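Note sheet for the following structure.
Computed from a prediction, not measured in an experiment: that's the story for all the values here. Proteins get letters first, then strands, A, B, ... in listed order; numbering begins at 1 in each.
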Amino acid sequence: MNRARSATVAVLVALCGAAIVVGLAVGSSGWRGDALSALLRGDDVVAALRAPRVFLSAIIGASLGVAGVAMQVVLRNDLADPYVLGIAGGASAGAVLSLALFPGVPPGPAAAIGGATATSLVRGIARRGPYDPARLLLAGIAVGSVLASVTGLVLVLAPSERLLRSATFWLFGGLGTPPMRAIAVPAAVFCAGFGWTWARAERLDRLSLGDDVATSLGTDARALRRGLQLVAVVVTATVVAVGGLIGFVGLVAPHAARRLVGATHRRLLPVAALLGALVLIAADTVARSAFSPREVPVGLVTAALGGPLFLWLLRRRPAWR
Amino acid sequence: MAVTAQSSELAAVVASTIAPLEARGLAVGRGGRAVLARVELIVAAGERVAVVGANGSGKTTLLRALAGLDRPIAGEVRWGGAGLPRGAERVKRVGVLLQGESATAFTVREQVVLGLGLDRAPAASAAAPVDDALRRMDLHEVAERPTVLLSGGEWQRTLLARALVASPGLLLLDEPTNHLDPARRAELLAILDRLGGAVAVVLATHDLECASRCDRVVVVGRGRVAALGAPQDVLTPPILAESLGVRVRRVEDPEGGTPLLRVVGPS
């Protein structure tokens with residue numbers, strides 16, 4: 001059993017490595033068979049254009065995988081994803097308002113602020129009485145739907161084609177052509193978030209059994225949940241600011257990881273991060289090259305690629321059966 | 001040197017006399033409203049105490065306060081003469097088995113390891129108590145099986161192994177025989193008998209036979225402790241009629257065991 005799990009992790013690491021190499025080799029300016037040596041040489045196309053994008057995809061995917069695990073533990077709900085507590089609605093409204101009011105400014109910071117504000121609102125609304133994950137989830141859905149209507153209203157009332165186009169790219173996830181230095185902040189936030197969660201993996205195991213069980217097993221359930229929520233929100237808001245809304249990864253990666261290596265968070269967290277990175281690197285490579293020279297939003301590809309992958313995993317016997 | 005020996009002897013005597021559980025002037029309830037008040041209970045080391053009462057009498061609410069899960073409305077609970085610590089120290093003090101916990105994708109062994117309350121990956125030295133708990137609960141053959149695939153009896157024994165793995169001085173059980181078939185129920189009662197004296201046990205139960213096998217019984221009803229004492233003094237037809245609203249008949253065991261309590265109808 002343990003050997004099979006180690007083999008799973010080794011295969012995932014190898015697949016991520018392969019996806020990075022393919023991602024560096026593929027692009028609108030053609031196939032590069034010498035992608036790795038071109039990267040080391042500092043080649044203009046591979047090192048300056050493709051590499052930042054591939055590494056950013058990996059970081060965003062891994063971040064969404066870990067934030068998804070954290071949110072599923074907080075809400076004790078396998079259908080939870082990183083966007084569920086109003087981040088998606090808040091980030092969309094923030095980004096679209098920013099695009100409409102300040103067309104020259106990148107919408108990322110406004111999106112992150114919108115997402116974080118919406119989550120604080122959801123938390124504030126759901127705080128009364130003893131902790132109830134269903135109430136938190138419903139508050140997230142309600143706030144999200146109000147903000148979705150704000151987003152729609154802005155798009156309808158300010159229908160310039162440019163706004164619609166940039167908003168579409170942003171709402172379905174678009175990584176653009178980031179400079180290498182743009183990776184630093186999301187990478188640092190991911191490392192801090194992953195490190196914090198990884199250091200508490202056993203406590204996450206206990207929290208996933210519910211507050212009463214966790215408390216009786218010596219865990220401060222309330223403090224841990226608050227910390228996890230904060231980590232999930234900060235990590236998600238950061239990746240939303242650089243990549244827009246990329247759906248499905250944060251839902252699929254934790255599920256797939258659980259089916260591959262079981263429920264123990266010491267294994268689940270790194271595998272969810274690896275799967276998230278793998279799915280997003282692959283999806284972004286397709287998004288850049290499938291309709292070259294045109295590019296499609298990566299969120300559309302994650303859903304199109306992730307859906308069948310998830311269905312395949314659902315049909316497969318989980319590792320713990 | 002002599003002083004050190006004396007003081008360590010004194011410490012041992014004090015430790016042996018400190019009750020694993022002590023509740024003084026306890027009032028428990030939900031939403032600020034007391035369902036059970038003025039509870040005075042001291043449980044000695046190795047003693048087994050049953051809490052018996054009708055539905056809604058506050059048995060589970062009392063047990064939750066005794067487990068440190070809910071803050072009492074009034075009064076104080078002390079575990080081994082002190083408050084409850086966090087982390088691995090807490091599970092060494094109190095083991096808890098609650099009602100209605102669902103099985104998950106964790107394996108039996110992973111569930112039992114969680115009972116050690118560790119904040120890092122378990123070291124190799126953790127394997128010994130885990131293996132011991134698995135063996136004591138007759139779970140070693142299903143140790144690597146996911147708990148979602150267990151039978152009801154195996155799941156109950158897994159939860160018991162998790163509650164006992166850190167060798168706590170006190171075990172709190174909420175309706176441990178609920179939903180078990182007669183064979184699994186007998187198995188659980190035998191396990192509790194085997195624990196005898198090694199750990200103090202407080203269990204909330206509807207099961208009068210289970211209660212009659214304890215050292216003492218607390219009968220709760222009408223918001224207070226109606227009776228507290230040895231089973232033969234407390235589990236009597238008049239007390240049970242008043243507190244549980246049930247008519248019982250004592251039937252002597254022809255094999256000389258504990259007299260049986262047969263429920264003949266509502267009072």
Q.
How about CD on Q99(B), more than 12 heavy atoms from neighbouring residues, nucleotides or ligands closer than 6.0 Å, or not?
A. yes
**Q.** For chain A, the option from L159(B), L98(B), L114(B), D70(B) that forms the most heavy-atom pairs under 4.5 Å
**A.** L114(B)
(Q) I'd like to know which of G115(B), G117(B), S102(B), G68(B) tops the heavy-atom pair count under 4.5 Å against chain A. (A) G117(B)
Q) Checking side-chain contact (heavy atoms from CB on, under 4.5 Å) for the pair S216(A)/L69(B): CA distance, chi angles, key distance, verdict? A) CA-CA 7 Å; S216(A) 73; L69(B) 294 173; 4.3 Å; yes
Q) Counting only N and O atoms by type, is there a donor-acceptor contact under 3.5 Å from the side chain of R90(B) to the main-chain atoms of T219(A)? A) no
(Q) Under 4.5 Å from any heavy atom of chain B, what part of A199(A) do you find: side chain, backbone, both or neither? (A) backbone
Q | R266(A)/E110(B) ion pair, N-O < 4.0 Å | A | no
Q | Nearest atoms (heavy-atom pairs only) where S208(A) meets F106(B) | A | OG-CE1, 3.6 Å
Q) Got R64(B) and D212(A) here, is their nearest side-chain heavy-atom distance under 4.5 Å? A) yes
Q | Which atom of V91(B) lies closest to which atom of G218(A), heavy atoms considered | A | CG1-N, 4.5 Å
Q: Measure E89(B) against the heavy atoms of chain A and call it side chain, backbone, both or neither at under 4.5 Å.
A: neither
Q.
I need the Q111(B) CD to D205(A) CG distance, nearest 0.5 Å.
A. 9.5 Å
Q. Where is the tightest heavy-atom contact between R206(A) and L118(B), given as atom of each residue plus distance?
A. NH1-O, 2.7 Å
(Q) Under a 4.0 Å threshold between the charged nitrogen and the carboxylate oxygen, would R203(A) count as salt-bridged to D119(B)? (A) yes
Q. Do E202(A) and V113(B) have side-chain heavy atoms sitting under 4.5 Å apart?
A. no
Q. Say you draw a straight line from CG of L217(A) to CZ of R86(B); how long is it, rounded to the nearest 0.5 Å?
A. 14.0 Å
